[in-house]
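This report refers to the structure that appears directly beneath it.
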Amino acid sequence: MEIFGIPTQALFGQLLIGLINGAFYAMLSLGLAVIFGLLNIINFTHGAQYMMGAFCAWFLLERTGIGYWWALIIVPIVVGITGVVIERTMLARLYKLDHLYGLLLTFGLALIIQGVFTNAYGSSGQPYRLPQEFVGAYNLGFMFLPKYRAWVIVLSLVVCLGTWFVIERTKLGSYLRAATENPTLVQAFGVNVPRMITLTYGFGVGLAALAGVMAAPIYQVSPQMGANLIIVVFAVVVIGGMGSIMGAILTGFGLGVMEGLTKVFYAEASNTVIFVIMVIVLLVKPAGLFGRER
Amino acid sequence: MATVLTPAATAAPARRNRFALATAIMAAILALAPFAGIYPVFLMKALCFALFACAFNLLVGFGGLLSFGHAMFLGTAGYVTAHAAKVWGWPPEAAIAAGTLASTLLGVVTGALTIRRQGIYFAMITLALAQMMFFFYLQAPFTHGEDGIQQVPRGKLFGFIDLTDTLVMYFTVVVVFLAGFVFLYRVVHSPFGQVLKAIRENEPRAISLGYDADRYKLVAFVLSAALSGLAGAVKAIVFQLASLTDVHWTMSGEVVLMVLLGGMGTIFGPVVGAFVIVAIESYLTAGIVIGTLHFGPEWAIVLTGLIFVVCVLAFRRGIVGELGAWWLRHKG
């Protein structure tokens with residue numbers, strides 16, 4: 001069977017890879033958007049924290065024998081705590097300054113983390129054993145769907161929609177959104193805004209680490225895995241605009257799929273297609289697809 | 001325009017004299033340095049980066065626009081210059097001009113796009129565009145991918161100045177650097193530069209005064225791209241090499257670091273920052289030993305990150321900025 005002269009097997013295969021990449025774009029840009037909303041900084045360390053998540057899972061498995069399922073819970077908490085420490089000791093000093101200093105600080109931190117891991121583990125990747133439950137694939141008739149890939153898509157959708165639900169539909173989320181609009185007023189109502197900011201950063205970092213754990217069995221666990229990804233995620237954020245949580249999720253998945261399709265039709269451009277889309281969006285709608293000018 | 005000019009104009013002669021004196025001292029030091037036993041290749045590398053950092057400073061220090069993708073201008077000019085000199089056999093002055101022109105044109109296109117957003121978005125967009133250029137150069141056949149364009153001939157400048165001689169090359173670099181440096185000083189202290197600062201401080205007010213803010217920002221962006229290109233073009237001739245290193249995002253980060261460390265928005269800061277960073281990197285290639293620990297070149301990235309963090313947390317005015325502040329306190 002063929003569509004546009006492309007075998008459907010290849011087409012769906014690339015679409016699947018696109019969806020997987022999209023799942024990671026969505027989770028990472030979601031974390032960036034949540035952090036940006038409250039802290040007004042772009043967390044350049046996000047890619048490094050995603051890498052830390054993958055390494056942490058690898059470390060747990062190799063050194064202590066703690067497997068994938070526990071890693072899904074432990075790693076985001078551990079890496080999230082390092083995020084809390086970073087926020088309390090460093091980022092908290094910068095809120096009164098130009099937002100660009102936050103970008104510079106987190107860029108420096110990303111270099112430090114990446115450099116230390118490169119020195120410790122070299123730049124070659126470490127394989128992470130696929131959990132036994134996920135070995136094998138489902139036969140969908142038109143293609144084979146590896147079980148683990150299906151799980152990644154489902155889990156990332158659950159996490160993304162869960163985050164959306166908490167922020168947009170619960171009392172806690174309403175505090176968060178209120179503090180985004182006017183922190184002084186929310187503080188006056190007795191909400192501990194600084195603590196909320198700290199926990200929000202920790203949560204965003206935890207999301208990145210969770211994405212790292214999910215990525216570990218698919219990609220090689222390497223110190224560089226976050227560095228190039230984060231630049232693409234920045235482009236995703238520019239395309240979507242940081243105004244809305246749902247926007248970040250949709251743009252993430254959508255661009256992953258676009259990238260997968262590009263691989264089928266014009267493979268040379270698959271590295272750059274997201275940047276090209278960014279240029280077009282900037283020309284047509286500078287604030288981003290879901291963004292508001294602030 | 002007069003309202004913006006007046007405060008600067010009254011202080012202008014004294015400031016100009018101080019600048020002329022400081023520049024003359026700098027030129028004298030640069031002229032004597034290779035004879036004082038300082039390795040000319042190190043000096044040339046530092047000077048290329050100093051020009052690059054000064055060009056970057058025009059945008060971030062005086063325009064308030066933090067670009068995280070300036071490597072694309074350095075690298076583009078390097079590739080075009082190297083290709084023109086090696087494959088087309090152009091003389092160095094024509095090759096350098098071609099490289100600079102290529103970066104200028106790239107600056108016009110990317111500038112028109114990026115100034116549509118500000119602040120954090122501006123930084124992210126420039127970074128993304130530079131990454132796009134990186135992938136382009138990675139795949140384009142004429143750049144020779146990971147190998148880069150090697151063994152670029154230096155040739156004879158204007159047909160009679162033989163650049164294969166290291167000292168001749170060195171003084172050529174000094175002249176180019178000083179010309180770029182003085183030019184940037186003139187730009188910053190021209191009416192254009194004052195308007196640019198006004199836009200940085202309060203854009204809506206500058207617009208309501210009738211200035212076309214976007215046009216000023218675009219001109220600053222293009223000038224910065226052009227001079228970054230000049231630095232990259234000269235660098236390609238000096239090192240006879242154009243490679244992916246110069247278009248990689250780490251290079252964009254490096255120039256931010258130089259300017260941050262030296263002092264954003266100061267005239268001499270980027271020069272100081274560039275020299276310090278290039279010196280640190282040359283020391284690290286040999287390795288630094290602290291006690292029983294040995295830190296080789298692979299630690300450079302960690303050190304770079306540490307300097308970033310320390311500068312942002314404790315040292316935001318940079319070396320020259322802090323010295324200037326100390327001088328002002330000391331005087332009165």
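What you are looking at is a predicted structure, and each value in this text was computed from that prediction instead of being measured. Letters A, B, ... mirror the listed sequences (proteins, then strands); counts begin at 1.
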Legend entry - Straight-line distance of B:L260 CG to A:F107 CZ, nearest 0.5 Å: 11.0 Å
Inset, instruction - First locate atom CG of A:L100, then atom CG of B:L66, and finally report the distance between them rounded to the nearest 0.5 Å. - result: 5.0 Å
Inset, instruction - Assess whether atom CD of B:E146 is packed by more than 12 heavy atoms of other residues, nucleotides or ligands within 6.0 Å. - result: no
Inset, instruction - Name the region of A:V232, side chain, backbone, both or neither, that has any atom closer than 4.5 Å to a heavy atom of chain B. - result: neither
Legend entry - More than 12 heavy atoms of other groups within 6.0 Å of A:M196 CE: yes
Inset, instruction - Quick one: closest heavy-atom pair of A:L282 and B:R117, and the distance? - result: CD2-CG, 3.9 Å
Inset, instruction - Could you grab the distance from atom CG of A:L104 to atom CG of B:L313, nearest 0.5 Å is fine? - result: 11.0 Å
Inset, instruction - Report the distance from atom CE of A:M278 to atom CD1 of B:I125, rounding to the nearest 0.5 Å. - result: 6.0 Å
Inset, instruction - Find out whether B:Q139 and A:N271 are in side-chain contact, i.e. whether some heavy atom of one side chain is under 4.5 Å from a heavy atom of the other. - result: yes
Inset, instruction - With a 4.5 Å cut-off on heavy-atom pairs, point out which of A:A235, A:G115, A:G108, A:A269 contacts chain B the most. - result: A:G108
Inset, instruction - Ignoring hydrogens and angles, tell me if any N or O in the side chain of B:R116 forms a donor-acceptor pair with the backbone of A:L283 under 3.5 Å. - result: yes
Inset, instruction - Side-chain contact test, heavy atoms from C-beta onward, threshold under 4.5 Å: evaluate it for A:L105 versus B:F308 and give yes or no. - result: no
Inset, instruction - Output the option from A:I274, A:V276, A:T272 having the highest count of non-hydrogen pairs under 4.5 Å with chain B. - result: A:T272
Inset, instruction - Hey, could you give me the CD/CG distance between B:E254 and A:L111, rounded to the nearest 0.5 Å? - result: 9.5 Å
Inset, instruction - Please state whether the side chain, the backbone, both or neither of B:L129 comes within less than 4.5 Å of a heavy atom of chain A. - result: both
Legend entry - Contacting region of A:L94 [heavy-atom separation from chain B under 4.5 Å]: side chain
Inset, instruction - Determine, stepwise, if the pair B:I301 / A:T118 fulfils side-chain contact (heavy atoms from CB on, under 4.5 Å). - result: CA-CA 10 Å; B:I301 190 166; A:T118 309; 5.9 Å; no
Legend entry - Which atoms of B:V256 approach chain A - backbone, side chain, both or neither, heavy atom under 4.5 Å: side chain
Legend entry - Inter-chain contacts: residues 266-283 of chain B against chain A, heavy atoms under 4.5 Å: none
Inset, instruction - Please check if the distance between the ring centroids of B:F68 and A:F234 is under 6.0 Å. - result: no
Legend entry - Passing option when B:I120 is tested against A:I42, A:V237, A:N40 for side-chain contact (heavy atoms from CB on, under 4.5 Å): A:I42
Legend entry - Which atoms of A:L109 approach chain B - backbone, side chain, both or neither, heavy atom under 4.5 Å: both
Legend entry - Under 4.5 Å from a heavy atom of chain A, the part of B:M133 involved: neither
Inset, instruction - Tell me, for A:I41 versus chain B, whether the close heavy atoms (under 4.5 Å) come from the side chain, the backbone, both or neither. - result: backbone
Inset, instruction - Apply side-chain contact (heavy atoms from CB on, under 4.5 Å) to the pair A:L97 and B:R316, showing each step before the final yes or no. - result: CA-CA 10 Å; A:L97 302 169; B:R316 280 182 290 274; 3.2 Å; yes
Legend entry - Straight-line distance of A:I231 CD1 to B:Q131 CD, nearest 0.5 Å: 4.0 Å
